[in-house]
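Remember, it's a predicted structure, so these values are computed and weren't measured experimentally.
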Amino acid sequence: MASSPGTLDGDIGFQVAPMVDVVFVLLLFFMASAGWPMKERELQTFLPAPGKGAPTAVTLDITQDGRVMLNDEAFGEADDRQLAKLRAWLKATRERFGTDDSVIIRPAATTRHERLMDVLNATGAAGVRTVSFF
């Protein structure tokens, strides 16, 4: 005799259809994500030549008010657009120690972009070719 729909006598059993649907969705997701193109990038690193020390970096700090600092010494005030003292120091340092040294510029979070360009112009005028930001 057939059981009535309102009783708990019948065992529905294991439902395969929902599990197959989930497996197909996961399979589709992994197949689609496997086809995404991977861009390979090359980092150019330069190792020091044998017998030479590693190149050093000069770190310039730009304060919130626009002063340019190097080793806690001011190399340019906020209204000094030419930064002649910084240019002279960088040029003398390059002539004394060579051209391998780089300059790291660490601006404050609220530094004006105009001031950052002043410092970049000063490093370029001194002949510095490697400048990075931190």
Side-chain angles (χ1 to χ4, degrees):
M1 182 172 216
S3 63
S4 63
T7 64
L8 299 174
D9 292 338
D11 184 21
I12 297 175
F14 184 70
Q15 297 294 316
V16 178
M19 185 180 70
V20 170
D21 289 342
V22 170
V23 168
F24 280 137
V25 168
L26 288 173
L27 182 66
L28 180 66
F29 171 75
F30 287 117
M31 286 174 53
S33 64
W36 289 343
M38 298 290 289
K39 288 186 178 180
E40 294 184 15
R41 295 189 171 95
E42 177 181 337
L43 291 174
Q44 292 185 347
T45 57
F46 301 103
L47 298 176
K52 283 188 168 182
T56 58
V58 175
T59 305
L60 297 174
D61 292 315
I62 305 175
T63 62
Q64 291 179 352
D65 60 350
R67 288 182 297 140
V68 180
M69 305 290 286
L70 174 68
N71 295 336
D72 296 328
E73 181 182 347
F75 275 81
E77 294 302 321
D79 58 349
D80 183 13
R81 298 284 313 267
Q82 299 302 317
L83 298 170
K85 184 177 177 182
L86 178 64
R87 287 181 192 208
W89 187 87
L90 286 172
K91 195 170 197 176
T93 303
R94 273 191 73 246
E95 290 171 357
R96 184 173 176 196
F97 296 108
T99 60
D100 292 339
D101 293 341
S102 63
V103 173
I104 299 172
I105 300 174
R106 291 189 306 191
T110 58
T111 301
R112 296 177 50 97
H113 293 288
E114 179 182 20
R115 188 58 174 169
L116 188 58
M117 291 306 298
D118 293 340
V119 174
L120 280 174
N121 289 336
T123 57
V128 176
R129 297 196 184 270
T130 308
V131 178
S132 58
F133 295 93
F134 184 70

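Remark: side-chain polar atoms of Arg115 are paired, donor with acceptor, to backbone N or O of Gly66 under 3.5 angstrom. Remark: side-chain polar atoms of Arg87 are paired, donor with acceptor, to backbone N or O of Gln82 under 3.5 angstrom.
Scanning for salt bridge (Lys or Arg N to Asp or Glu O under 4.0 Å) contacts around Glu73 gives Lys85, with sequence neighbours left out.
Phe14 has its side chain within reach of Val16: a pair of non-hydrogen atoms, C-beta onward, lies under 4.5 Å apart.
The distance from the CG atom of Asp61 to the CD1 atom of Ile104 is 10.0 Å, given to the nearest 0.5 Å. With rounding to the nearest 0.5 Å, the separation of OG1 in Thr123 from CZ in Arg94 is 11.0 Å.
For Asn71, the CG atom counts as loosely surrounded, since its 6.0 Å shell holds 12 or fewer non-hydrogen atoms of other residues, nucleotides or ligands.
Cluster annotation: Met19 is connected to Phe24 through the hydrophobic network of ILVMFWY side chains, with a link wherever side-chain heavy atoms come within less than 4.5 Å.
In the hydrophobic clustering, Met117 connects to Val58, Leu60, Ile62, Val68, Leu70, Phe75, Leu83, Leu86, Trp89, Leu90, Val103, Ile105, Leu116, Val119, Leu120, Val128, Val131, Phe133, either directly or through intervening members, whenever side-chain heavy atoms lie under 4.5 Å apart.
The only member of Val20, Val25, Leu26 that meets side chain to side chain contact (heavy atoms under 4.5 Å, CB included) when paired with Val22 is Leu26.
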| request: Show your working on side-chain contact (heavy atoms from CB on, under 4.5 Å) between Gln64 and Thr111 and close with a plain yes or no. | output: CA-CA 5 Å; Gln64 291 179 352; Thr111 301; 5.8 Å; no
